[in-house]
Amino acid sequence: EVQLVESGGALVQPGGSLRLSCAASGFKFSDYWMSWVRQAPGKGLEWVANTNRDGSAQYYVDSVKGRFSISRDNTRNSLYLQMDSLRDEDTAVYLCARDGSGGYDLWGQGTPVTVSS
Amino acid sequence: IVMTQTPLSLPVTLGQPASISCRSSQSLVHSDGNTYLSWLLQRPGQPLRLLIYKISNRFSGVPDRFSGSGAGTDFTLKISRVEAEDVGVYYCMQATQLKTFGQGTKVEIQ
């Protein structure tokens with residue numbers, strides 16, 4: 001089955017760190033750019049970061065630059081998001097998305113991250 | 001690039017048409033000539049679904065009652081005859097310069 005499954009979300013204190021994972025299956029992972037998108041409670045979607053097919057390039061929304069790091073392991077068909085110096089405003093469901101030729105054509109269900117003391 | 005959707009709430013009648021607008025703060029025409037404007041649907045408890053990409057291309061499996069149009073900075077998603085399964089939140093998204101989403105339009109049956 002073609003799918004993306006996120007994991008690693010948790011409750012963490014401000015200033016803490018978390019590493020999210022996204023496991024891909026059913027397609028050739030290394031053929032696609034991949035992204036992380038987040039959705040704060042009751043809010044819309046916000047693109048967080050993406051990476052190219054071999055992981056040699058990464059791009060970030062300004063609000064997470066210097067704190068978050070996206071990476072991938074094509075041998076494990078997995079995408080990661082290392083989140084450091086977490087803030088209250090990082091609280092959200094984090095979604096993994098496959099970047100197809102014209103748009104995000106495959107999404108996971110998301111993993112929740114709560115930043116709170 | 002800021003994406004602005006209207007309306008933010010859209011009550012619809014089954015079998016009737018519906019339309020959502022999306023405006024970008026600058027042209028979405030990429031240097032490669034493509035316009036990377038897509039439409040997504042978020043239904044409760046389900047993964048997001050790509051409906052339309054590059055303004056007007058229906059993604060695989062998307063019913064032909066969905067259509068996209070527009071150019072430059074103004075875009076529209078139309079549903080020719082709303083069905084019950086079309087309820088949810090619709091987002092436009094640009095991928096011409098990094099990626100940004102509209103605020104979302106909640107479509108519900110009135």
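In this text the structure is predicted, and so the values were computed from the model without any measurement. By convention in this document, chain letters (A, B, ...) are assigned in the order of the sequence lines, proteins followed by strands, and residues within each chain are numbered from 1.
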Residues Gly103(A) and Tyr53(B): closest non-hydrogen pair is N-CB, 4.3 Å
Value for CZ (Phe101(B)) from OH (Tyr104(A)), rounded to nearest 0.5 Å, stands at 5.5 Å
Bottom line for Leu4(A): the part with an atom under 4.5 Å from chain B's heavy atoms is neither
(message) How about CZ on Arg76(A), more than 12 heavy atoms from neighbouring residues, nucleotides or ligands closer than 6.0 Å, or not?
(response) no
Bottom line for Leu37(B): the part with an atom under 4.5 Å from chain A's heavy atoms is neither
Between Gly108(A) and Pro47(B), the two heavy atoms sitting closest are O-CB, 4.1 Å
Check: Near Arg67(A) CZ, under 6.0 Å, is it more than 12 heavy atoms from other residues, nucleotides or ligands?
Finding: yes
- prompt: Is Ile70(A) reachable from Tyr80(A) through a run of hydrophobic residues whose side-chain heavy atoms are each under 4.5 Å from the next?
  reply: no
Is any side-chain heavy atom of Leu45(A) closer than 4.5 Å to a side-chain heavy atom of Leu48(B)?
yes
So, the part of Gln46(B) with a heavy atom under 4.5 Å from chain A: the answer is backbone
Review point. Under a single-linkage definition using a 4.5 Å side-chain heavy-atom cutoff for Ile, Leu, Val, Met, Phe, Trp and Tyr, are Phe75(B) and Tyr36(B) assigned to the same hydrophobic cluster?
Key: no
Applying a strict 4.5 Å limit to non-hydrogen atoms, the region of Gln39(A) in contact with chain B is side chain
Check: With hydrophobic residues grouped by side-chain heavy-atom distances under 4.5 Å, do Ile109(B) and Leu10(B) end up in a single group?
Finding: yes
Would you indicate whether the side-chain heavy atoms of Val37(A) and Lys99(B) approach each other to under 4.5 Å? no
**Q.** Co-membership, hydrophobic cluster, residues Val62(B) and Ile55(B), 4.5 Å side-chain
**A.** yes
Note to self: Is there a path of hydrophobic side-chain contacts, each under 4.5 Å between heavy atoms, that joins Val115(A) and Leu11(A)?
What the structure shows: no
